[in-house]
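A short worksheet on the structure shown next.
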Protein chains: 2
Amino acid sequence: MRAQRIGKANPAEDEAVYQAILRALLEGKLKAGTKLAETPLAAIFGVSRERIRKVLHRLGAERRLEMIPNRGARVPRPTLEDVRRVYEAHRVLEAGVLSQLVLRIDNVLLARLDAHLAEERAAAQRGDRAASVRLSGAFHVHLVDSLGNPELSRMLGDLLSRSSVMVSVYEPAAQSICAVDEHGAIVAALRDRDLLRAIAVSREHFLHVEGRLQLDATESSESEDLAAIFAPVKPLRRKARSAQSG
Amino acid sequence: MRAQRIGKANPAEDEAVYQAILRALLEGKLKAGTKLAETPLAAIFGVSRERIRKVLHRLGAERRLEMIPNRGARVPRPTLEDVRRVYEAHRVLEAGVLSQLVLRIDNVLLARLDAHLAEERAAAQRGDRAASVRLSGAFHVHLVDSLGNPELSRMLGDLLSRSSVMVSVYEPAAQSICAVDEHGAIVAALRDRDLLRAIAVSREHFLHVEGRLQLDATESSESEDLAAIFAPVKPLRRKARSAQSG
DNA sequence: ACCATGCCAAATGTGCACATTTTTTTATTA
DNA sequence: TAATAAAAAAATGTGCACATTTGGCATGGT
């Protein structure tokens, strides 16, 4: 009786662990510099260590975790320089997107962008900060997606997810909303098919955001309680009645 | 005496296998659609199957191989649409790079670009096709690198390596050289700090290349002899007299 | 007291055996 | 004969045992 349910092909399990850790990263629950050891994580998620291992390496390949050979995974501690580079990359990419959009802009596209702007303004007016932050970021995604090129959309997605993590370290939380007017100005320039103005406005917009970057002083808490961070996530596989609070 | 040299930490081995397969991909030795099974590759390279497995998945994460769960790795068979998208992404990215370069351009940068153009012209004049192809691609890399942003450089690098593979399928080999004049025109526009012209020239340049794309008829040979393809690579580890004949 | 050196515990890396899934081959039937 | 189904073969996925490396700690020498 040695066979006991091993090799159960369950790709959803990999994905669940991946998403859980990624979400913790994106929501800033994992502080920069935190060590992510394999064994504890395996215990927390109730999966094998190999499973965790694979996910960790995947996140490392995506540059969302810092992998050091024989020394495991850590939440990266980006320098201000790193953050600036990501922002610059975003800025450059958007300039390119705009250069292509002015050639393709039509009433349908403009209508969609206007609709988005209306949403943004509505959220701002009713003081819904959460929605504002979300819509503000979505605007830039909307711009690339307008080109209908998955390659470009994915590139921006990677960039955004990385800056999300960084923002939690460097950006003062209260101000992380793009000014709606600036977004409106970009759309206006597109409407006029004025590429230079569109790029200039976009550039100013980004520089404005970049200018607000500053080192968040709260980088003290080194050792985090991983179990607490991933607590809301229900264990994927029970560990044979291990410490089940009755 | 059960321990027999397992777990030998050798990161160079991973890297060697990775590089070997990647190079075969980039050089077009692996035809589109070729199945890359784990076991044969392990035998060819003389490493464990797990080693191959890891490398294959890494290449899959980089979108250089197409991974299908439970069905292994294949060399992707990009559609013409896919190739166009990669080229468009490259074009868009370069437009963004130019928009940033016009703001930063100075004599030092111009001198370097001129030097590169001179190299390109020299290679073209002496009919060195190999050098021409290499330098022609390097020009675009040079442009991004001028910004000194590793994020952007890496983005372009990914794009280029992908299109390299695709080119072998779709681009008529003989013509895959960018016209030097077009590169020169881009630099000239930069010298004048004329962003619109730089973007327009760059755009024309890419459209010119894209226009030459056409499906290469030689997509017949499905089953390749992997052993022959990787032949020049010396086996990394002898197989400990396993399967002693006799 | 301070730095160097040699163990010991803990964490990461790897090969292997086996489960699962897919693909190919063979057998059966309309 | 062609189509379908069952069985065999092959390939991929996973957990585990063990090797290797790393980091900390105690010990001894200058």
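Just so it is clear: chains get the letters A, B, ... in the order the sequence lines come, proteins before strands, and each one is counted from 1.
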Ignoring backbone atoms, establish whether B/Lys54 has a side-chain N or O less than 4.0 Å from OP1 or OP2 of C/dT14.
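Checking B/Lys54 against C/dT14: at least one side-chain N or O falls below 4.0 Å of OP1 or OP2.
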What's the CD-P distance between A/Glu50 and C/dA19, to the nearest Å?
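Spelled out: CD on A/Glu50 to P on C/dA19 is 17 Å.
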Nucleotide D/dT20, atom C1' - distance to CD of B/Glu13 in whole Å
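Taking CD of B/Glu13 and C1' of D/dT20, I get 14 Å after rounding.
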Testing the basics here: between A/His90 and A/Leu159, what is the closest heavy-atom pair and its distance to 0.1 Å?
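Looks like N-CD2, 3.7 Å.
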side-chain contact (heavy atoms from CB on, under 4.5 Å) partners for [X], two or more places apart:
{"X": "B/Glu210", "answer": "B/Arg84, B/Tyr87, B/Arg91, B/Phe206, B/Leu207"}
{"X": "B/Glu62", "answer": "B/Tyr18, B/Arg58, B/Leu59, B/Arg64"}
{"X": "B/Arg104", "answer": "A/Glu88, B/Gln100, B/Leu147"}
{"X": "A/Ala95", "answer": "A/Ile199, B/Ser99"}

Applying salt bridge (Lys or Arg N to Asp or Glu O under 4.0 Å), name anything that partners B/Asp145, two or more places apart in sequence or on another chain.
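Applying salt bridge (Lys or Arg N to Asp or Glu O under 4.0 Å) to B/Asp145 gives none.
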Salt bridge (Lys or Arg N to Asp or Glu O under 4.0 Å) involving A/Glu38 - partner list, sequence neighbours excluded:
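In terms of salt bridge (Lys or Arg N to Asp or Glu O under 4.0 Å), with neighbours along the sequence ignored, A/Glu38 is linked to A/Arg49, A/Arg53.
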Could you list the residues that satisfy ring pair (Phe, Tyr, Trp, His ring centres under 6.0 Å) with A/His57, not counting sequence neighbours?
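Partners of A/His57 by the ring pair (Phe, Tyr, Trp, His ring centres under 6.0 Å) criterion come out as none, since no residue qualifies.
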Picking from D/dC16, C/dG13, C/dG15, which would you name as closest to the side chain of B/Ser48?
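Among the listed nucleotides, the one closest to the side chain of B/Ser48 is C/dG15.
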Can you check nucleotides 8-12 of chain D for protein contacts, nitrogen or oxygen pairs under 3.5 Å, and list what you find?
unit_1 : atom_1 : unit_2  : atom_2 : d
D/dT12 : OP2    : B/Glu38 : N      : 3.2

Of residues 58-65 of chain B, the positions that come close to DNA chain C - non-hydrogen atoms, cut-off under 4.0 Å
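Within this stretch, nothing sits under 4.0 Å of the strand.
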